[in-house]
Amino acid sequence: MPEAPITPDSVIELLTSEHILEPQEPIAPDTDLFTLGLDSMAMMQLLLQIEERFRLSVSPAEMTRDRFATAGALASFLGEKRRLAA
């Protein structure tokens, strides 16, 4: 059975269901996650959840601000990473 695609919505769901971010307003795919409180501790939590939920490992060198800036950017990065690993 193929894995479900990694979408901005699946990234947003991960961020909120695991309480990595607790925004007052709904998160849009292009919302800057750093302005919502994504800091180094939250990024470490997020990495653990990405490994668990999406079965992808992200190295520290891949943790760039651009890739983690928005749910859309992160979904795109993770989707590409999954395609390359397949």
Is any side-chain heavy atom of Leu33 closer than 4.5 Å to one of Ile27?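 Yes. Closest side-chain heavy atoms under 4.5 Å.
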
Please examine the side chains of Leu78 and Val58, heavy atoms only from C-beta on, and report whether any two atoms are closer than 4.5 Å.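 Answer yes - side chains close enough.
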
Shortest non-hydrogen contact from [X] to [Y]?
X: Ser57; Y: Glu51; value: OG-OE2, 3.7 Å
X: Ile12; Y: Ala28; value: CD1-C, 3.9 Å
X: Phe68; Y: Phe34; value: O-CE1, 3.7 Å
X: Pro23; Y: Thr16; value: CD-CG2, 4.4 Å
X: Pro8; Y: Gly72; value: CG-CA, 3.8 Å

Do the side chain of [X] and the main chain of [Y] share a donor and acceptor less than 3.5 angstrom apart?
X: Arg67; Y: Glu62; result: yes
X: Ser10; Y: Ile6; result: no
X: Ser76; Y: Ala73; result: no

Which value, rounded to the nearest 0.5 Å, describes the distance between [X] atom [atom1] and [Y] atom [atom2]?
X: Leu84; Y: Leu56; atom1: CG; atom2: CG; answer: 10.5 Å
X: Thr7; Y: Leu74; atom1: OG1; atom2: CG; answer: 11.0 Å
X: Ile50; Y: Leu15; atom1: CD1; atom2: CG; answer: 8.0 Å

Quick one: list whatever passes salt bridge (charged side-chain N to carboxylate O under 4.0 Å, His left out) with Glu52, sequence neighbours left out.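 For Glu52 there are no salt bridge (charged side-chain N to carboxylate O under 4.0 Å, His left out) partners, ignoring immediate neighbours.
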
Can you list every salt bridge (charged side-chain N to carboxylate O under 4.0 Å, His left out) pair that touches residues 4-14, not counting sequence neighbours?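 Salt bridge (charged side-chain N to carboxylate O under 4.0 Å, His left out) check on residues 4-14 returns Glu13-Arg53.
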
Only pairs under 3.5 Å count here: list side-chain donor-acceptor contacts from residues 41-49, not counting sequence neighbours, and write none if there are none.
none

